[in-house]
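First up is the structure itself, then whatever we jot down about it.
Throughout, protein chains are lettered first and strands after them, A, B, ... in sequence-line order, and every chain is numbered starting at 1. The shown structure was predicted, so the numbers you read here are calculated from the model rather than taken from an experiment.
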2 protein chains.
Amino acid sequence: MKGIRQLAEHLDISIGTVSRALNGKPDVNDETRRRVLAAAEELGYVANQSGRSLRQGMTNVIGLMLEVSRETIENSDDFFLGVTDGLQSVFSRHKLDLVMLPCPDDEDPHEYLKRMVARRLVDALILSATRRTDRRIELLEKARIPFVALGRSASGGSYTWMDLDFEGVAARGVDRLVAKGHRRIAVAAPSSDINLGYLFVDAYRQALQRHGIAFDPALVIRVKSSEQGGYQAGHELLMIEERPTAIILIHELMAIGLYRRLAEAGIVPGRDLAVVGFREEPRTHFLQPTLTSFRMSLRDLGAQLGETLLATMPAYADHYPQGARNRIWPLELVPGESDAFTLNQKNRA
Amino acid sequence: MKGIRQLAEHLDISIGTVSRALNGKPDVNDETRRRVLAAAEELGYVANQSGRSLRQGMTNVIGLMLEVSRETIENSDDFFLGVTDGLQSVFSRHKLDLVMLPCPDDEDPHEYLKRMVARRLVDALILSATRRTDRRIELLEKARIPFVALGRSASGGSYTWMDLDFEGVAARGVDRLVAKGHRRIAVAAPSSDINLGYLFVDAYRQALQRHGIAFDPALVIRVKSSEQGGYQAGHELLMIEERPTAIILIHELMAIGLYRRLAEAGIVPGRDLAVVGFREEPRTHFLQPTLTSFRMSLRDLGAQLGETLLATMPAYADHYPQGARNRIWPLELVPGESDAFTLNQKNRA
DNA sequence: CTGAAAGCGCTTACAG
DNA sequence: CTGAAAGCGCTTACAG
């Protein structure tokens with residue numbers, strides 16, 4: 001089956017009527033509609049997207065931009081596929097398809113995005129891994145393409161974003177550790193310009209202040225957001241004079257590398273050092289001792305993200321009246337053994 | 001900047017000339033071309049893809065279909081992102097963009113693919129996770145869409161595929177283990193209909209035969225292709241009477257789960273049981289004792305896959321004269337400690 | 001309820 | 001070397 005013209009000829013009616021029948025418009029005779037639908041099914045006709053897009057000015061495709069660096073490849077976790085799952089559960093209600101747009105490492109993300117926008121492959125976009133200063137946001141605002149940022153940024157005007165509650169992780173991590181007697185609490189924060197690093201360290205500093213603990217810059221260990229980064233964090237932690245008694249991590253895979261480095265040094269998490277991990281992930285499930293970490297549903301996050309995006313799109317906003325606002329996604333603390341001990345006086349600094 | 005019409009008005013020339021200049025056609029005055037290019041750059045004009053696609057009958061987009069199940073989400077590894085990287089390195093030479101098409105778990109892959117094909121979002125497709133019987137192949141053959149399957153299948157006619165050398169893994173694994181004195185060698189094979197399971201078990205059986213060892217169906221442990229599957233494989237292995245002295249795995253993450261189950265039973269890989277893992281992966285690097293496994297470059301595989309696909313596309317075939325043939329991708333054995341011991345007579349069955 | 005026609009934004013023979 | 005025009009496959013006012 002080629003195009004709508006062939007289908008119309010086959011049915012011996014006009015292409016306008018075929019189109020109306022296929023698109024569920026009213027004002028089509030029931031019997032006619034039935035015949036058209038049956039013939040389309042039988043002949044495997046589906047409208048050519050370029051033709052539709054050109055006429056309608058929209059593609060019915062949503063893009064999720066991904067940045068694929070060596071580091072993200074080697075530290076693939078379940079985050080994006082999990083979120084994708086939730087996104088699609090929302091988009092499928094509206095016959096929208098999701099495509100993932102992987103920006104290669106050797107291409108400038110800004111240029112890549114510009115090209116995708118200009119080509120009008122998608123009606124709307126989801127950004128991720130937002131940086132403190134992120135030119136992509138201004139680009140999309142200027143191009144007037146609906147988008148949602150998964151992650152906050154200091155760039156841009158009044159765009160819509162969703163983000164994880166990094167502040168909550170910092171605050172609850174510190175509260176919990178202080179309650180167990182810790183005063184020297186380190187954090188492993190990202191060394192990159194990714195925005196969450198700023199949010200996390202700020203919140204950590206504020207939490208310390210609340211407890212009357214002085215902020216010590218030496219306890220902010222800057223490493224890559226990866227398993228290797230966790231290993232490195234462990235390494236640097238061991239070299240701090242007046243060694244911290246606890247550490248909070250801000251990437252899911254850091255715990256694995258950290259445990260490894262600690263094991264090499266004969267240090268047992270939950271006995272010699274309190275460890276609070278970040279997001280619970282299949283790979284961290286089997287750490288021994290079990291890791292205190294934070295739980296969230298990737299699928300639910302994806303679904304909410306999808307609804308938020310649709311709420312910013314004129315064609316779908318009516319379905320999501322509450323939708324177009326910024327949201328912080330909560331994480332639930334799941335206690336493990338990695339920070340289970342209470343510091344006695346002798347150990348305290 | 002809206003469309004080519006506005007750009008042409010701005011330059012006070014016809015849209016035809018603008019188009020020719022932009023697309024690098026000959027027969028355009030150098031000065032005219034220069035002006036057009038400069039104006040397009042300045043005004044940020046890029047051709048609307050729907051308009052181009054409709055006229056040219058191609059989209060300049062290649063799709064990589066992914067099946068996203070709960071299991072694949074939870075067992076995300078570096079495979080697809082790594083391959084994507086290599087694919088893009090080839091596609092970018094021809095100004096082709098790659099999009100990943102994630103088929104949701106709750107949608108029939110065949111229907112999903114049908115929709116993508118019918119909508120003509122992409123010019124060509126890459127399939128992955130091919131099954132023994134895979135209707136997607138016939139669908140694409142019938143639709144006359146260029147495609148390459150990453151993975152063999154018993155379905156379809158004379159399509160082009162690329163696949164990993166599962167037979168080589170089985171053969172070299174068995175050879176190596178037999179040389180170390182093993183006779184009872186188990187394999188952990190996928191429980192699904194994925195085609196590689198058939199190839200692997202057949203090759204395993206042939207390798208045993210070559211060494212005059214009887215094939216024992218009880219030693220083919222069917223589990224999920226995942227970390228959990230590896231754990232399960234360990235569990236089942238322990239229950240086999242006349243326990244195997246070695247096991248070969250056919251999924252990268254199985255080793256992690258297997259090690260865990262063995263540790264629970266107090267069994268040490270490389271001392272009490274010989275373990276040959278599958279593909280070397282960042283997550284398996286840190287297993288102790290180090291894992292004997294197979295190495296390959298995902299990026300090189302992706303690049304080869306990209307060239308093979310382009311060779312099947314009339315518009316690009318000329319660039320890749322050697323391209324459109326089936327290829328088995330080799331893996332290099334990397335010895336580790338997990339199978340380093342030689343079985344002494346006492347231990348032999 | 002249906003048909004005829006316009007037009008979305010491009011590229012490309014064709015004429016000059 | 002450039003312009004005018006056709007037409008890719010659709011959807012949608014508009015007329016009847």
Report yes if at least one side-chain N or O of [X] is closer than 4.0 Å to OP1 or OP2 of [N]; otherwise report no.
| X | N | value |
| --- | --- | --- |
| A/K25 | D/dT12 | yes |
| A/Q56 | D/dC10 | no |
| A/Y45 | D/dC10 | yes |
| A/Q49 | D/dC10 | no |
| A/T17 | C/dT2 | no |

Distance-only polar pair, side chains of [X] and [Y], donor-acceptor under 3.5 Å:
| X | Y | answer |
| --- | --- | --- |
| B/S92 | B/Q88 | no |
| B/T308 | B/R327 | yes |
| B/R136 | B/H110 | no |
| B/N195 | B/T130 | no |

Inset, instruction - Under the side-chain contact (heavy atoms from CB on, under 4.5 Å) rule, collect the residues that match up with B/Q56, sequence neighbours excluded. - result: B/R52, B/M58, B/N60

Inset, instruction - For the pair A/R299 and A/D85, find out whether any cationic side-chain nitrogen is under 4.0 Å from an anionic carboxylate oxygen. - result: yes

Inset, instruction - May I ask you to say whether A/R34 pairs ionically with A/E31, meaning some side-chain N is under 4.0 Å from a carboxylate O? - result: yes

Inset, instruction - Mark yes or no for whether A/R33, through its side chain, and A/A21, through its backbone, hold a donor-acceptor pair below 3.5 Å. - result: yes

Legend entry - Under 3.5 Å donor-acceptor, B/Q6 side chain and B/G3 backbone: yes

Inset, instruction - Scan residues 27-35 of chain B against DNA chain D and write down, sorted by residue number, each residue with any heavy atom closer than 4.0 Å; if none is found, say none. - result: B/D27, B/V28, B/N29, B/T32

[X] [atom1] to [N] [atom2], straight-line distance once rounded to whole Å:
| X | N | atom1 | atom2 | answer |
| --- | --- | --- | --- | --- |
| A/M58 | D/dT11 | CE | C1' | 13 Å |
| A/N48 | C/dC8 | CG | C1' | 13 Å |
| A/R120 | C/dC10 | CZ | C1' | 14 Å |
| B/R5 | C/dT11 | CZ | P | 12 Å |
| A/E9 | D/dG9 | CD | P | 12 Å |
| B/N60 | C/dG9 | CG | P | 19 Å |

Distance-only criterion, 3.5 Å: show the donor-acceptor pairs between side-chain atoms of residues 312-320 of chain B and protein atoms not counting sequence neighbours.
unit_1: B/T312; atom_1: OG1; unit_2: B/L309; atom_2: O; d: 2.6
unit_1: B/Y320; atom_1: OH; unit_2: B/R93; atom_2: NH1; d: 2.9
unit_1: B/Y320; atom_1: OH; unit_2: B/H94; atom_2: NE2; d: 2.7

Inset, instruction - Tell me what B/S50 touches on the nucleic acid: a base, only sugar-phosphate, or nothing, going by heavy atoms under 4.0 Å. - result: nothing

Inset, instruction - For B/I15, report the nucleic acid contact type (base, sugar-phosphate, nothing); a contact means any heavy atom under 4.0 Å. - result: base

Closest to the [X] side chain: [options]?
| X | options | answer |
| --- | --- | --- |
| A/L54 | C/dC10, C/dT12, C/dC8 | C/dC8 |
| A/R52 | C/dC10, D/dT12, D/dC10 | D/dC10 |
| B/N23 | C/dT11, D/dC10, C/dC10 | C/dT11 |

Legend entry - Stem regions touching DNA chain C, defined by at least 3 consecutive Watson-Crick or wobble G-U pairs below 3.5 angstrom: C:1-3 with D:14-16, C:5-12 with D:5-12, C:14-16 with D:1-3

Inset, instruction - Could you check B/G51 against B/D12 and say which one's nearest nucleotide on DNA chain D is further toward the 5' end? - result: B/D12

Inset, instruction - Using the test side chain to side chain donor-acceptor pair (under 3.5 Å), find all partners of B/S14 that sit at least two apart in sequence or belong to another chain. - result: B/T17

Polar atom pairs (N or O), protein with nucleotides 13-16 of chain D, under 3.5 Å:
unit_1: D/dA13; atom_1: N6; unit_2: A/R20; atom_2: NH1; d: 3.2

Legend entry - Spacing of CG belonging to B/L139 relative to CD belonging to B/E111, to within rounding of 0.5 Å: 9.0 Å

